[in-house]
2 protein chains.
Amino acid sequence: MLAGIKDVAAKAGVSISTVSYVMSGKRSIGAATRQKVLQAARELNYMPNAQARFLRGEPTKVLALSSPLHEYTDYSNYAVFFFALAMRAKRYGYDILLLMHEYGDQELARIAASGMVDGILLLDVVMCDARADVAKTLNLPVVAVGYPTNSDGIYSVDLDFERMGREAVEKAYALGHRHILVSGTSGGAYDDGSNYLVRFLGAAQKRGGDLGVSVLFKAATGNGRDDVNLMLDEAFAEDPAITMIICQTNAAHITNVLSGLRDRGLEVPKDVSVLAACTYGLGSLPRPVDEMPMIPNDTCSRAVDVMMEVLQGKRDDVGRVELLQPRYVARGSVTSCR
Amino acid sequence: MLAGIKDVAAKAGVSISTVSYVMSGKRSIGAATRQKVLQAARELNYMPNAQARFLRGEPTKVLALSSPLHEYTDYSNYAVFFFALAMRAKRYGYDILLLMHEYGDQELARIAASGMVDGILLLDVVMCDARADVAKTLNLPVVAVGYPTNSDGIYSVDLDFERMGREAVEKAYALGHRHILVSGTSGGAYDDGSNYLVRFLGAAQKRGGDLGVSVLFKAATGNGRDDVNLMLDEAFAEDPAITMIICQTNAAHITNVLSGLRDRGLEVPKDVSVLAACTYGLGSLPRPVDEMPMIPNDTCSRAVDVMMEVLQGKRDDVGRVELLQPRYVARGSVTSCR
DNA sequence: CTGAAAGCGCTTACAG
DNA sequence: CTGAAAGCGCTTACAG
């Protein structure tokens with residue numbers, strides 16, 4: 001049914017190597033022969049079988065994206081990363097093979113051995129990521145969106161969350177704030193590998209210590225109004241002098257922090273400054289809030305760019321971690337301490 | 001670097017065919033030999049090269065998803081379809097190769113010839129879809145999420161929008177409504193192939209004609225407040241007796257329809273009934289609205305199921321169009337005509 | 001300017 | 001119970 005190179009050769013009355021050379025253009029072919037071959041190929045609707053070429057080690061123009069996807073995955077958040085990677089890859093003419101396996105390791109090895117992809121992108125990277133170890137044994141370039149501790153053997157691209165933590169505290173310090181609350185959600189996320197939360201918080205606390213600023217961390221049990229109010233109660237009980245809150249969470253949580261402050265008769269930013277960090281797609285808040293956002297588009301784009309550089313042989317610095325500079329978006333919710 | 005079957009055979013001191021049979025289990029092998037081979041394979045971290053197997057026509061456990069993705073694609077809507085397909089495929093052990101080409105045809109042929117995938121899913125199907133024609137020439141099963149007019153040669157799965165249009169009008173008729181407005185956005189979408197809009201509207205108007213009900217169609221120039229108000233002005237000018245509005249749009253548009261009605265002193269549902277059709281993820285409206293929703297999860301899941309049936313050789317009815325029954329979700333915004 | 005042949009890494013009839 | 005060899009559809013040195 002599907003015509004092969006043999007069919008074309010037969011139809012054109014030439015050898016298969018001639019057909020191959022006509023198709024690839026890697027050898028000059030007599031005009032007459034060339035025409036016969038092209039004609040035959042067209043009539044038979046011939047398409048070279050990519051599989052056979054891949055077997056010979058030619059590039060597939062496909063990038064694997066390893067990203068455990070669960071029934072309970074939050075699409076709306078996830079999609080931003082996914083499409084950022086996909087669109088950037090497309091720009092280079094690459095398609096994306098989405099690997100949704102739960103436990104990345106074997107699947108990764110299987111795909112690498114298959115020769116079906118030119119490189120592998122890692123998403124949802126945890127602190128110590130098993131996939132990074134497997135990656136070293138592969139003969140395929142691997143670029144992680146995120147920054148695992150075992151980052152040798154792969155390339156990593158991430159937003160510099162430690163720097164973000166430092167800069168947030170420095171900003172507060174410069175404005176005269178000496179009592180800061182870092183507010184997060186559900187302590188669990190900090191434990192099981194959402195490394196950016198840990199890195200941001202650690203750096204913020206460290207820098208706070210250096211500058212002599214009190215940095216109190218409180219994780220609400222949820223993003224609901226009651227959860228947040230309870231968290232605020234505890235925080236102000238522990239440190240009544242808080243003048244700045246850094247919310248390392250999401251729109252729902254921040255909304256409730258804002259209304260919680262209003263309920264306590266605290267005005268933003270006169271009495272308390274509020275900064276959102278590690279957030280994205282903040283959507284509609286009751287009032288604009290200063291933000292040090294995640295920049296998934298930038299991070300993902302850069303990850304694909306790095307992959308391309310590696311594929312083009314422009315790099316040989318495996319293990320390199322590239323950290324993007326955090327941004328600060330001022331919206332009037334952070335001012336100098338009264 | 002990466003061990004091949006030859007390496008394993010050499011290490012185990014057997015022939016490559018023996019290794020192959022041990023790995024596949026398609027022949028019984030002496031226990032001792034078997035152990036030697038498995039041992040060698042383990043030590044060399046051997047992975048059979050899938051490419052070589054695909055070359056021989058074995059399944060790849062990958063489904064291509066042909067879906068033109070543009071810089072301006074609305075991710076949040078698109079993501080629902082994408083992930084619905086991906087999750088369902090995952091359940092069968094299949095991964096997804098996302099093809100983001102603009103003009104599906106050649107790309108599709110290329111991938112089919114490559115043997116890289118076992119089947120092809122079509123998304124963003126337009127009325128007459130070029131990809132459906134290409135599909136016929138491929139020796140790979142193709143399932144479309146959507147229902148092109150040239151649906152022979154492929155399998156199609158879609159929500160039955162014509163039936164939805166009929167039922168919406170019948171429902172209105174049964175409740176005594178005789179003057180209905182179907183409200184859409186940006187006429188363009190109706191022209192360039194968003195076939196479900198066309199099908200719904202056509203069927204609604206046809207059924208209206210049969211039943212002697214006036215079905216007026218108005219497309220707002222946008223979803224903004226002013227666009228919608230202008231549309232409502234025109235509609236009521238043309239038919240002051242409207243008692244039911246069917247919004248074939250989205251949350252923003254419906255929100256503005258609701259407030260537009262309120263501004264005109266019309267109460268929902270006492271004065272005017274409001275029904276949302278062809279919508280999904282309606283999110284937060286000022287008030288709950290009856291809905292005949294798109295059911296992307298169902299449609300996509302079913303599309304993957306059909307693909308699996310075809311791959312398992314359980315079907316030979318190419319060209320079959322499967323239409324899912326529309327649902328009606330009552331939320332109190334539609335009542336009998338006053 | 002063109003062809004016969006080896007080889008990519010496997011699987012599987014064909015022999016023994 | 002196991003091995004030598006053909007073949008999947010191409011590409012590319014090697015010959016002519």
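Throughout, a chain's letter reflects where its sequence line sits, starting with A, and its residues are numbered from 1. Everything quoted here is computed from the prediction, not taken from an experiment.
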Peer 1: Could you pull out all residues at least two apart from B/Phe82 that satisfy ring-ring contact (aromatic ring centres under 6.0 Å, His included)?
Peer 2: A/Phe82
Peer 1: Does A/Tyr155 have any ring-ring contact (aromatic ring centres under 6.0 Å, His included) partners at least two apart in sequence or in another chain, and if so, which?
Peer 2: none
Peer 1: Less than 3.5 Å apart, which donor and acceptor atoms pair up between the side chains of residues 28-43 of chain B and the rest of the protein, not counting sequence neighbours?
Peer 2:
unit_1, atom_1, unit_2, atom_2, d
B/Gln39, OE1, B/Arg42, NH1, 3.2
B/Gln39, NE2, B/Glu43, OE2, 2.5
B/Glu43, OE1, B/Lys11, NZ, 3.1

Peer 1: Per the salt bridge (charged side-chain N to carboxylate O under 4.0 Å, His left out) rule, what does the pair list look like for residues 112-129 of chain B, sequence neighbours excluded?
Peer 2: B/Asp129-B/Arg131
Peer 1: Where along residues 13-20 of chain B does a heavy atom come under 4.0 Å from DNA chain C, residue by residue in number order?
Peer 2: B/Ile16, B/Ser17, B/Ser20
Peer 1: Start with the C-alpha gap between B/Asp152 and B/Lys136, add the side-chain angles, then the distance that decides, and say whether salt bridge (Lys or Arg N to Asp or Glu O under 4.0 Å) holds.
Peer 2: CA-CA 8 Å; B/Asp152 55 314; B/Lys136 291 171 214 166; 3.6 Å; yes
Peer 1: In this structure, how many angstroms lie between the P atom of C/dT12 and the CD1 atom of B/Ile29, rounded?
Peer 2: 13 Å
Peer 1: Measure from the side chain of B/Thr33, starting at C-beta and using heavy atoms only, and say which of C/dT2, D/dT2, C/dG9 lies closest.
Peer 2: D/dT2
Peer 1: How would you list, by chain and number, every residue that makes a side chain to side chain contact (heavy atoms under 4.5 Å, CB included) with A/Pro141, sequence neighbours excluded?
Peer 2: A/Met307, A/Val310, A/Leu311
Peer 1: With the side chain of B/Ile5 defined as its heavy atoms from C-beta on, choose the nearest nucleotide among C/dT2, C/dT11, D/dC1.
Peer 2: C/dT11
Peer 1: Using heavy atoms to find the nearest nucleotide of DNA chain D for A/Lys26 and B/Ser28 separately, return the residue whose nucleotide is more 5′.
Peer 2: B/Ser28
Peer 1: Can you name the residues that form a ring-ring contact (aromatic ring centres under 6.0 Å, His included) with B/Phe83, not counting sequence neighbours?
Peer 2: A/Tyr75, A/Tyr78
Peer 1: With sequence neighbours excluded, tell me which residues meet salt bridge (charged side-chain N to carboxylate O under 4.0 Å, His left out) with B/Arg320.
Peer 2: B/Asp317
Peer 1: Can you list everything that forms a salt bridge (charged side-chain N to carboxylate O under 4.0 Å, His left out) with A/Asp316? Sequence neighbours excluded, please.
Peer 2: none
Peer 1: Using whole Å, report how far CE of B/Met116 lies from C1' of D/dC8.
Peer 2: 17 Å
Peer 1: To the nearest Å, give me how far apart NZ (A/Lys36) and P (C/dC1) are.
Peer 2: 14 Å
Peer 1: For B/Tyr21, check ring-ring contact (aromatic ring centres under 6.0 Å, His included) against everything at least two apart and list the hits.
Peer 2: none
Peer 1: Would you say A/Thr299's side chain and A/Ile295's backbone share a donor-acceptor pair under 3.5 angstrom?
Peer 2: yes
Peer 1: Give me the distances for all protein-to-nucleotides 14-16 of chain D N/O pairs that come in under 3.5 Å?
Peer 2:
unit_1, atom_1, unit_2, atom_2, d
D/dC14, N4, A/Arg27, NH1, 3.4

Peer 1: Using Watson-Crick and G-U wobble pairs with both distances under 3.5 Å, what is the 5'-to-3' dot-bracket string of DNA chain D, with [ ] for crossing pairs and | for pairs outside the strand?
Peer 2: |||.||||||||.|||
